[in-house]
Protein chains: 2
Amino acid sequence: MARVTIKDIAIAANVSAMTVSNVINARTSKASPDTVERINEAIRTLGYQPNLSARALASKASRLIGVVVPFTEDQNQLLLDNPFYAEVISGIESALRARGYFMMLSGLGETSNEVDVLAQWNVDALIAIGIYREGLFERLRKRHLPTLLVDSYLTDDHVHHLRIADDQAARRATEHLIAHGHRRIALVTGAVRDGGVIEQRLAGYRLALDAADIPFDPDLVLAGSVTFDWGIDAAEQLIARRATAAFCTADLIAAGVLSGLHQRDIDIPGDISVLGFDNLPVSQMVYPALSTVDQAILDKGKLAGNLVLDLLEGRKPPRETRLEARIIERQSVGPVRK
Amino acid sequence: MARVTIKDIAIAANVSAMTVSNVINARTSKASPDTVERINEAIRTLGYQPNLSARALASKASRLIGVVVPFTEDQNQLLLDNPFYAEVISGIESALRARGYFMMLSGLGETSNEVDVLAQWNVDALIAIGIYREGLFERLRKRHLPTLLVDSYLTDDHVHHLRIADDQAARRATEHLIAHGHRRIALVTGAVRDGGVIEQRLAGYRLALDAADIPFDPDLVLAGSVTFDWGIDAAEQLIARRATAAFCTADLIAAGVLSGLHQRDIDIPGDISVLGFDNLPVSQMVYPALSTVDQAILDKGKLAGNLVLDLLEGRKPPRETRLEARIIERQSVGPVRK
DNA sequence: CTGAAAGCGCTTACAG
DNA sequence: CTGAAAGCGCTTACAG
């Protein structure tokens, strides 16, 4: 049994293919109620499924949104290695689906041609998460697609942005530790990159220190990668540098710090306080439960989806959207030990 | 500047469109080396990108593989909520990409028409993860697509399977606890479903008990959902039922159990031992680090991708592939308290 | 080794 | 309110 096409429906309903097309695409004003009914009936009984490739080809609109995530820092080329991405993507997908669009997911590495893949599928628009490298960014902008950058500070006239107020969030986080009496506060983070979020969070951290008259100590900035393993390593340096608190710019790192401190029998938060960032599910699973900065990842993802569709559908969303983040207090932050 | 098509290349290289098509599709035997060179040159200078929708339409092969994951049990319609899926999917995607195929990801809920979406995109084959419900399964098989079921025991003549030896793995896990002197061993699990993996793991658990002459106590089977929150709740029942060890059929549940036990100041593994399943990244992040059953999720995903492509390309992979799982000993299992 | 023609399943002006 | 025709960018027999 061959696939049932629009032509089959046309024959069954005794109309032309183009009337069927009109009805399918909800241009019902262009057909009499009676015809619409007959066509819908035929669609139901024959089990018609539109061929989306054909539609994309003919209409020059694929209803496909490309979503680009960077491959993990150790270049193992795995999507979704970071639960943060998994959650944003879930949010994006849910928003797209609700509005009748589809997601084409792709990783993006150093030398990768994954952007080409998206071009080949004729995606209507692009959401790129956590982009910083100039080289890759260049490749993105070459196709002049409606583009939304999530968590990126790369500037470009043709690009829209969604991000949290990273500097402010980091400042508040640091202040939260200061309020608990801490003065030797380490910043444990991934690589500080041009146009990335960490740059901004570092700035917020410094602002908080300045405001509290705590001199900035570069030795307390521990930059590695956004991984659990780096957190474990960082724990050792935390101790060596006599930090009493660590502000980690990702929960994944914070989880590693917790684990590294446990290995050395350091009490948390008795000896060292740890504050995370993201409010990933894992932050509730570690021990002690991690105090962290919530950035409502899922909502962020949904918003990203909706913004990019607004953009695509010509509804002129704001060029930049900034979300608020807030601190979630759990058990990993306490007063400084006297 | 309009998109450059195969026709543009044909003109530039002074050949027909079909010769270009042949060269693009690596049927180079059908063209002289000289022609091939001219065509490739034109492709490079003009920056040609094949239109995959057009190719799919004309060739009746989309190189798109549908990947279906069930929506989470609380029906919140979010893909990737479970890190297990995120990891399998990463593996699948990586295998598909390596062989020149693309992934179309879709969730699958109670009433959902997501399978329709995949049909509409003309996916060449299907990988479905963790399917048990008969209703949904029926909808899958109606399209007679090459299908690989991951972690499912639903039988059907037209479907291929990839799974671990769940009964055996559960048996070994239980024996591992028995070897530590435990006799009141609870099984903490998601819903036991027809054709799902948990059914098998329950069987393995019972086999181990039988072999050790430990009577099966239905009160020690705690079935909820595959979530952290359920693990927290289960912790309370563990205590009430005087279990000395818990075998959890998912790390997510085990993490919740750990957390719930901490809340009640139970020492792990001093008072109660906890064993997980999956070896998710989170199993290293919790405290104490979780002993668990490793099922090499990433490799499983890659294998799934390769199996489905073998199937699609007519290489007749085995109808059923069973992977071995092995126990990873960390800190959450210890000898029973006398 | 190369090409002309038909066709994949849709949509889009255009006409009536 | 409805239709005939052309076209989207490819591939597929078929012919030479």
Side-chain angles (χ1 to χ4, degrees), chain A residues 1-40 42-43 46-64 100 102 116 119-124, chain B residues 1-40 42-43 46-64 100 102 116 119-124:
Chain A
M1 60 169 211
R3 171 159 197 149
V4 14
T5 74
I6 217 172
K7 217 179 258 179
D8 300 318
I9 303 299
I11 293 168
N14 204 18
V15 292
S16 74
M18 89 139 288
T19 300
V20 176
S21 173
N22 278 332
V23 168
I24 287 169
N25 293 289
R27 285 186 284 270
T28 42
S29 62
K30 308 194 108 199
S32 72
D34 181 51
T35 316
V36 172
E37 181 44 48
R38 266 199 342 273
I39 289 174
N40 282 330
I43 287 175
L46 297 185
Y48 170 70
Q49 305 262 25
N51 180 327
L52 264 23
S53 292
R55 178 179 294 176
L57 182 60
S59 72
K60 308 192 154 305
S62 60
R63 297 190 84 81
L64 223 36
F102 312 98
D116 292 348
Q120 289 169 15
W121 279 109
N122 294 303
V123 299
D124 290 340
Chain B
M1 55 170 212
R3 169 157 198 151
V4 13
T5 74
I6 216 172
K7 218 179 259 177
D8 301 318
I9 302 297
I11 292 169
N14 204 20
V15 292
S16 76
M18 90 138 287
T19 300
V20 176
S21 174
N22 278 333
V23 169
I24 287 170
N25 292 290
R27 284 187 283 269
T28 43
S29 62
K30 307 193 110 197
S32 70
D34 181 53
T35 316
V36 172
E37 182 42 48
R38 267 203 337 274
I39 291 173
N40 282 331
I43 288 175
L46 297 184
Y48 170 71
Q49 305 263 24
N51 181 327
L52 264 23
S53 292
R55 178 180 293 176
L57 181 60
S59 72
K60 307 191 155 305
S62 61
R63 298 189 82 82
L64 225 35
F102 312 99
D116 292 347
Q120 290 169 14
W121 280 109
N122 294 303
V123 298
D124 290 340

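Chain letters run A, B, ... following the sequence lines, proteins first and then strands; every chain starts at 1.
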Could you tell me the separation between the [atom1] atom of [X] and the [atom2] atom of [N], rounded to a whole number of Å?
X	N	atom1	atom2	result
A:Ile6	C:dT11	CD1	C1'	8 Å
B:Leu52	D:dC10	CG	P	9 Å
B:Glu37	C:dC1	CD	C1'	17 Å
B:Tyr48	D:dG9	OH	P	10 Å
A:Met18	C:dA13	CE	P	11 Å
B:Asn122	C:dG9	CG	P	9 Å
B:Arg55	D:dT11	CZ	C1'	10 Å
B:Asn25	D:dT12	CG	P	7 Å

If you look only at pairs with a residue in residues 47-62 of chain B, which of them pass as a side-chain hydrogen bond (donor to acceptor under 3.5 Å, both in side chains), with sequence neighbours excluded?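 The answer is A:Asp116-B:Gln49, A:Gln120-B:Gln49, A:Asn122-B:Asn51, B:Ser62-B:Asp124.
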What does the 5'-to-3' dot-bracket notation of DNA chain C look like when only Watson-Crick and G-U wobble pairs under 3.5 Å count, and pairs to other strands show as |? |||.||||||||.|||
Begin from the C-alpha positions of B:Ile39 and B:Thr19 and carry the test side chain to side chain contact (heavy atoms under 4.5 Å, CB included) through to its verdict. CA-CA 9 Å; B:Ile39 291 173; B:Thr19 300; 3.9 Å; yes
Non-hydrogen atoms of B:Ile43 and B:Ile9 that approach each other most closely: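 What the structure gives for the nearest pair is CA-CD1, 3.8 Å.
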Collect all protein-nucleotide pairs involving nucleotides 6-8 of chain D in which both atoms are nitrogen or oxygen and the distance is under 3.5 Å.
from, atom 1, to, atom 2, distance (Å)
D:dC8, O3', A:Lys60, NZ, 3.1
D:dC8, O2, A:Ala58, N, 3.4

With a cut-off of less than 4.0 Å, is there a side-chain N or O of [X] near OP1 or OP2 of [N]?
X	N	result
A:Asn22	D:dT2	no
B:Thr35	C:dT2	yes
B:Ser21	D:dT11	yes

[atom1]-[atom2] distance between [X] and [Y], expressed to the nearest 0.5 angstrom:
X	Y	atom1	atom2	value
A:Asn25	A:Asn22	CG	CG	7.5 Å
A:Arg38	A:Asn40	CZ	CG	11.0 Å
A:Trp121	A:Phe102	CH2	CZ	12.5 Å
A:Ile6	A:Ser16	CD1	OG	9.0 Å
B:Leu52	B:Leu57	CG	CG	12.0 Å

When we call it a touch if two heavy atoms are under 4.0 Å apart, what does B:Gln49 touch: a base, just sugar-phosphate, or nothing?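 Sugar-phosphate only.
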